[in-house]
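Here's the structure we're looking at; comments come further down.
Only a predicted model underlies this, so the values are computations on that prediction, with no experimental measurement involved. Letters A, B, ... are given to chains in the order of the sequence lines, protein chains preceding strands, and every chain is numbered from 1. What you see below is based on every heavy atom in this structure, not just the backbone, and it leaves out hydrogens, waters and symmetry mates.
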Amino acid sequence: MVDFSRRLLSCATLRLARPLHALLLVSGRARDAFLVTKLLNLYSRLGDLPSVVLTFRHAPVKTSITWNSMIACYVHHGFLKDALACFRCLILSPSPSARPDSFTFPVTIKACWDLEWGKRIHSLAYKLGFVCNVFVSASLVHMYSRLGFTDDARKVFDEMTIKDLGCWNAMLSGLCQNGRTAAVTELFERMMMLGLPMDKVTVTSILPVCTPLQNPLLGFCIHVYCIKHGMDSDLFVSNALIDMYAKLGHLEEAQKVFKGMVDRDLVTWNSIISGYEQTGDANSALNLFNEMQQSGIQPDRLTLVSLASAVAQRGDDRNGQSAYGFILRRGWDLHDIIVSNAIVDMYGKLSKVKLAQEVFDRMPKRDVISWNTLITGYSQNGLANEAIEIFKYMQIHEGIMPIQGTLASVLPACAHVGALQEGVKIHSYGLRIGLLSDIFVSTCLIDMYAKCGRLAEAMVLFEQVSSRFTGPWNAIIAGLGVHGHGKKAASLFSEMQEQGIKPDHVTFVSLLSACSHAGLVDHGRQCFHQMKSVYGLEPWVKHYACMVDLLGRSGQLDAAYELIMTMTLKPDSGVWGALLGACRIHGNVELGKVAASHLFEIDAENMGYYVLLSNMYAKAGKWDGITEVRSLARHKQLQKTPGWSSVEVNKKVNVFFTGNHSHPQHEEIQKELRTLLAKIKSIGYVPDFSFVLQDVEEDEKENILSSHSERLAIAYGIISTLPKTPIQIYKNLRVCGDCHNATKFISKITEREIIMRDSNRFHHFKDGKCSCRDYW
DNA sequence: ATAGGGTTAG
């Protein structure tokens, strides 16, 4: 006599299961409902769904347990519809030995994928008197929560007369997963008050709430509780602990838990990798990824998401390259929106906008985050107009409603090109849907208004937002700075200090450049020292660039050069460019040459430095120097960054490239330019040809100057707006010195205010004067 | 022989 019962239980592979099945049939024991159900469960355990179904169909006798096992098998393999259909058959079955019981309901409730089914099964369970079973009601609580109906879940929970820990856990986790943190805290406190213990499931449910509550202390208490009750070695508990510590910024603690673990699973690795990635330590994240692969654990989509972000952070670093290669080799599932979004984001951060767009286009489904990511990709790579166009397209053609992140990605683009009218539209949209209370959105709005020339509006917004955050302060200080209001910026900084708001690196970039624009040398120096001595902030290269600019402009060229020499960081083109600019203003040819040689090494392709150098020689009257620069430039066959300017007319941003004739009103613009040129010459404008690098005749040089993008934009602004309307121009590079001079004259003869923002600052032209000091 | 509640993401 074969002991089928035991052999079915211990059978580990399909190859052993099949002959056992045959033996069962031959021996005539296949009529035994007990054994058939065991066989069915065996096939289910081994993942052979067709065999499960066959066994079930051919079972001569089906008990409740047989049915329950069949339903459970369907649910386990994700065939929810079949599970419910099977349940329906059970209800309709005439057999008195096959009735739904208290075991049937938990598993059937698990199969409900929408509220309608959930309610139906719920009322049936109620009618048949099963809701008083704790397993059934816990399942109901979980089901309602899973579908997002926490109130219904709560109702079931509150109506239960006897609750075991499982019910509490179901309710807690339901609230957690729906982000109802306040309700979680309340329920948790009640649980503690009643003196109920916590088990592993309680702990793993409650730990993720510490993050939105920003409460590391609670997390720590729970950790201690786990150690005390011997749960800290549990895999789920450890994973939740790692995640909690990492997200609250206590990476050392997360690392400790990670190191102390005996066995780790995919979630463990994902949590620790994502923890390092999120805190900006991409190197550690990538190293851990390698370790993970060595330990033989296969990465999944979540790993890929962290990996993509880490690669984006590392840029083109070699360490990043290998992970990048991994992502490409492995490919990713286009149907997975989150992974695809992460890849779009990665390409955007690596400045590969075209690839980002390609991945985006190939996605079969997109959500609002996909659009946000794409807009950010364009916006952060200087393609602000494209970013704005996509933002409009998304709403008009795809009917996507912008959310907080969308506004935070498109507003910087508006700020960048001076798209004030679009920005105002977004402002009113934000007001309508109640996003103005969001600190990120309001910071972006302050920045947008300031950069679009509306300091007053920026100021009003700044005064409305909560002053507890650093962002709005940084934005307004930077805004005041680019408008040349250095003293006001400095006094706001003092106010910030008085209110106990801790400045960050960005604050000091804003502040130092504000000092530089306003010529507040001593104050700038003080701030630079304060940065480290008071706030412990190590200066970035950017801060050095500001300082070099500050010192250089005021004529302290040697001090500026000395500062560069003391740098431990490698000076970039910003630093040397600031020095070269200062040398040009003060006619220091020797130091200028030094700066230029560094610039040609770092950023040889940039035409701007050759112009600056040539202009420096012109100012010092060294004409052979100019010849040298010209031949150098020709020799290198420079690909210059195309200069462009934009002006917003009738809610449309018009972009003009230098020397481009493609605008529909090109003829009228040219005519206007000729008229303007004649007029300004008559009141004393003399073209400065040292801004033209090409070696051509004087006539041609004049043409080149008049076809500079800023002039095209001004002329277009004049012919397409009413007389005396202020004109606002944005230029992507720094305004050409000759154009700057010409604009002064144009503002006089047209009696217009002309506001020009270039890559560096604002220039307010009025009555033949400009607000800025010592330009060119 | 069958049952509920748990951790990681753009």
Tell me yes or no: between the side chains of [X] and [Y], is some donor less than 3.5 Å from an acceptor?
X        : Y        : result
A/Arg180 : A/Thr150 : yes
A/Asn270 : A/Thr303 : yes
A/Gln294 : A/Asn290 : no

Do any of residues 44-69 of chain A sit with a heavy atom less than 4.0 Å from DNA chain B, and if so which?
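Nucleic-acid contacts, sorted: A/Ile65, A/Asn68, A/Ser69.
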Side chains of A/Val311 and A/Ser309: does their closest heavy-atom pair fall under 4.5 Å?
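No, too far: nothing below the 4.5 Å cut-off.
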[N] [atom2] sits how many Å from [X] [atom1], rounded?
X        : N     : atom1 : atom2 : result
A/Ile343 : B/dA9 : CD1   : C1'   : 13 Å
A/His76  : B/dT2 : NE2   : P     : 14 Å
A/Asn133 : B/dA3 : CG    : P     : 14 Å
A/Ile242 : B/dA9 : CD1   : P     : 13 Å
A/Ile121 : B/dA3 : CD1   : P     : 18 Å
A/Leu39  : B/dT2 : CG    : C1'   : 15 Å
A/Arg6   : B/dA1 : CZ    : P     : 12 Å
A/Phe34  : B/dT2 : CZ    : P     : 9 Å

Mind checking [X] for me? I need base, sugar-phosphate or nothing, with any heavy atom below 4.0 Å counting as a touch.
X        : answer
A/Asp199 : base
A/Thr37  : base
A/Leu9   : nothing
A/Glu277 : nothing

Suppose we call two aromatic rings close when their centres sit under 6.0 Å apart. Are A/Trp371 and A/Phe391 close by that rule?
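No - the distance between ring centres of A/Trp371 and A/Phe391 does not fall below the 6.0 Å cut-off.
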Give every pair of a protein N or O atom and an N or O atom of nucleotides 6-8 of chain B that lie under 3.5 Å apart, one pair per line with the distance.
{"from": "B/dG6", "atom 1": "OP1", "to": "A/His142", "atom 2": "NE2", "distance (Å)": "3.4"}
{"from": "B/dG6", "atom 1": "N2", "to": "A/Asp234", "atom 2": "OD2", "distance (Å)": "2.9"}
{"from": "B/dG6", "atom 1": "N3", "to": "A/Thr204", "atom 2": "OG1", "distance (Å)": "3.0"}
{"from": "B/dT7", "atom 1": "OP1", "to": "A/Gln177", "atom 2": "NE2", "distance (Å)": "2.7"}
{"from": "B/dT7", "atom 1": "O2", "to": "A/Asn239", "atom 2": "ND2", "distance (Å)": "2.8"}
{"from": "B/dT8", "atom 1": "O2", "to": "A/Asn270", "atom 2": "ND2", "distance (Å)": "3.0"}

Determine whether any donor atom in the side chain of A/Asp164 lies under 3.5 Å from an acceptor atom in the base of B/dG4, or the reverse, and answer yes or no.
yes
Cation-pi check, A/Arg366 to A/Phe360: give yes when NZ or CZ is under 6.0 Å from the six-membered ring centre and within 45° of the ring axis, no otherwise.
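The answer is yes; both the distance and angle limits are met.
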Salt bridge check: are A/Arg7 and A/Asp3 linked by an N-O gap of less than 4.0 Å?
no
So if I apply the salt bridge (Lys or Arg N to Asp or Glu O under 4.0 Å) rule between A/Arg154 and each of A/Asp152, A/Asp158, A/Asp151, which one comes out positive?
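Running salt bridge (Lys or Arg N to Asp or Glu O under 4.0 Å) over A/Asp152, A/Asp158, A/Asp151 with A/Arg154 returns exactly one hit, A/Asp158.
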Quick test of the criterion, 5.5 Å between centres and less than 30° between planes. Is A/Phe135 stacked on B/dA3 or not?
yes
Go through A/Phe105 and A/Phe130 one step at a time and tell me if the ring-ring contact (aromatic ring centres under 6.0 Å, His included) criterion holds.
CA-CA 8 Å; A/Phe105 279 94; A/Phe130 288 117; 5.3 Å; yes
Over 60° means perpendicular and under 30° means parallel, so tell me whether A/Tyr225 and A/His229 are parallel, tilted or perpendicular.
parallel
Is the phosphate of B/dG4 approached by A/Lys110 (side-chain N or O, under 4.0 Å from OP1 or OP2)?
yes
